[in-house]
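Shown next, in structure tokens, is the structure this report addresses.
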Amino acid sequence: MTTALRSFLRFGCHRGDITLDLAACVPAVASWSLSTLPKSLPPTHVKQVLMSCNRKTAVGRRDYAILMLLARLGLRGGEVVGLTLEDIDWENGLITVQGKSGQSSQLPLPADVGEAIVAYLRDGRPRVPNNRRLFLRARAPIIGFKSTCGVGSVVKHALARSGIDAVRKGSHQFRHALATTMLKRGASLSEIGDLLRHQHPDTTAIYAKVDLSSLRTLALPWPGGVR
């Protein structure tokens, strides 16, 4: 909003509607680091979203597998889009994820996530030769998702089916939900950072703000007593 206001005032000055440079009077808005809480779905809502998928249909099997990767492994939308058939090591139970800055990581493939992917590959994925993308569009042209918008659309429709009016509609909230759940179960910030493949510890530090049990031990007693 401040940027738009400055542009409007500069335009007015350029046209001669105003003579003073009022754009310079518009103050900057402070954006403090780690000032907000991560927006995530509660575990009950995550379960509702997963159950909303009709796994008797090809699209439902695909969407369920995508949502399981988001909810159980905390993959980013772009990482789901980039998955190929070769990225899954079935013998060793591993999945290779191409993360930010081209960094490749191997993660353990949970049994329930593997079963969801197998169900899609056997009875959901279109038989398209020479296309090695793991997840394909359901409508022509039958190709992989072009961008994270495809995964975002899967999440948006799943939330709508579940009747959940979430603050955020994108896939990243599942990543936050996984981290918050791990923290409540006793996982350390280092362990969470390893699973989410954070390059810097500061990125994971934001989740310390939702660990209310640990924060209570740091709170000083209120001098006025309890009323």
Side-chain angles (χ1 to χ4, degrees), residues 38-53 55 60-121 124-125 132-136 144-145 147-148 150-156 158-159 162 166 168-201 203-204 206-207 210:
K39 302 293 191 300
S40 64
L41 290 172
T44 53
H45 284 183
V46 173
K47 187 176 181 179
Q48 283 180 241
V49 169
L50 292 172
M51 292 179 62
S52 73
C53 298
R55 293 156 65 184
R61 296 187 188 97
R62 183 202 64 186
D63 292 356
Y64 181 73
I66 290 175
L67 292 169
M68 284 291 285
L69 285 168
L70 297 175
R72 297 280 279 113
L73 292 177
L75 265 61
R76 302 178 179 92
E79 294 168 344
V80 173
V81 170
L83 286 174
T84 66
L85 297 175
E86 287 75 21
D87 287 332
I88 303 179
D89 184 350
W90 296 106
E91 292 184 0
N92 297 306
L94 297 172
I95 182 170
T96 301
V97 178
Q98 303 297 330
K100 287 185 175 181
S101 304
Q103 291 197 355
S104 177
S105 304
Q106 275 195 330
L107 298 174
L109 183 65
D112 52 356
V113 180
E115 290 170 359
I117 295 175
V118 167
Y120 168 63
L121 292 177
R125 188 178 185 275
R132 306 303 294 173
R133 285 285 186 88
L134 178 57
F135 296 109
L136 301 178
F145 294 125
S147 67
T148 58
V151 175
S153 178
V154 170
V155 172
K156 182 178 178 181
L159 290 171
S162 306
R168 303 284 177 85
K169 306 296 183 183
S171 61
H172 220 70
Q173 59 188 320
F174 289 91
R175 189 173 171 86
H176 293 322
L178 175 62
T180 304
T181 301
M182 289 179 63
L183 195 62
K184 290 180 178 179
R185 292 178 178 175
S188 66
L189 290 177
S190 176
E191 291 171 334
I192 295 172
D194 289 342
L195 177 61
L196 299 184
R197 302 169 310 284
H198 288 158
Q199 298 182 22
H200 303 289
T203 308
T204 317
I206 190 173
Y207 295 109
V210 298

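From a predicted model like this one, the values you see are computed outputs, not experimental measurements.
Listed by chain and residue number, Gln199 satisfy the side-chain contact (heavy atoms from CB on, under 4.5 Å) test with Gln103 (two or more places apart in sequence, or in another chain). Scanning for side-chain contact (heavy atoms from CB on, under 4.5 Å) contacts around Glu191 gives Ala187, Ser188, with sequence neighbours left out. Taking the side-chain contact (heavy atoms from CB on, under 4.5 Å) definition, one finds that Thr96 meets it with Asp87, Gln98, Ser104, Gln106, sequence neighbours left out. For Tyr120, the ring-ring contact (aromatic ring centres under 6.0 Å, His included) partners at least two apart in sequence or on another chain are Phe135. Applying the side-chain contact (heavy atoms from CB on, under 4.5 Å) rule to Ser153 yields the partners His157; only residues at least two apart in sequence or on another chain are considered.
Checked by atom type and distance alone, the side chain of Arg61 pairs as donor or acceptor with a backbone atom of Arg55 at under 3.5 Å. Of the possible polar contacts, one joining the Arg175 side chain to the Leu196 backbone as a donor-acceptor pair under 3.5 Å is found. Judged purely by atom type and a 3.5 angstrom limit, Arg185 has no side-chain atom pairing as donor or acceptor with the backbone of Leu183.
Taken to the nearest 0.5 Å, the CE atom of Met68 stands 9.0 Å off from the CD1 atom of Ile117. For the atom pair CG (Leu109) and CG (Asp89), the distance works out to 9.5 Å, reported to the nearest 0.5 Å.
A pairwise comparison of heavy atoms in Gly74 and Arg197 identifies O-NH2, 4.1 Å as the closest pair. Shown here for Gly99 and Glu79, the closest heavy-atom pair between the two residues is CA-OE2, 3.4 Å. For the residue pair Leu69 and Val113, the shortest heavy atom distance occurs at CD2-CG1, 3.6 Å. Between Tyr64 and Leu50 the shortest heavy-atom distance is CD1-O, 3.5 Å. In plain terms, the two heavy atoms of Phe145 and Leu136 that are nearest each other are CZ-O, 4.5 Å. Here the shortest heavy-atom pairing between Ser162 and Val49 reads OG-CA, 3.3 Å.
Side-chain contact between Leu107 and Leu75: present, with at least one pair of heavy atoms (C-beta onward) separated by less than 4.5 Å. Annotation: side chain of Val81 is not in contact with side chain of Ser147 (no heavy-atom distance under 4.5 Å). Put simply, the side chain of Leu83 reaches to within 4.5 Å of the side chain of Ile95, judged on heavy atoms.
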(message) Checking Leu85 against Leu134 for the side chain to side chain contact (heavy atoms under 4.5 Å, CB included) test, could you report, in this order, the C-alpha distance in whole Å, the side-chain angles of both residues, the deciding distance, and whether it holds?
(response) CA-CA 5 Å; Leu85 297 175; Leu134 178 57; 3.8 Å; yes

(request) Evaluate the side chain to side chain contact (heavy atoms under 4.5 Å, CB included) criterion for residues Arg125 and Arg62: first the C-alpha distance (whole Å), next the side-chain angles of each, then the deciding distance (0.1 Å), finally the verdict. (result) CA-CA 7 Å; Arg125 188 178 185 275; Arg62 183 202 64 186; over 6 Å; no

(request) Kindly determine whether Val154 and Val80 satisfy side chain to side chain contact (heavy atoms under 4.5 Å, CB included), including the steps that lead there. (result) CA-CA 12 Å; Val154 170; Val80 173; over 6 Å; no

(request) Could you please spell out the steps behind the side chain to side chain contact (heavy atoms under 4.5 Å, CB included) verdict for Leu195 and Leu178? (result) CA-CA 10 Å; Leu195 177 61; Leu178 175 62; 3.7 Å; yes

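For residues 42-52, no pair satisfies salt bridge (charged side-chain N to carboxylate O under 4.0 Å, His left out), with sequence neighbours left out.
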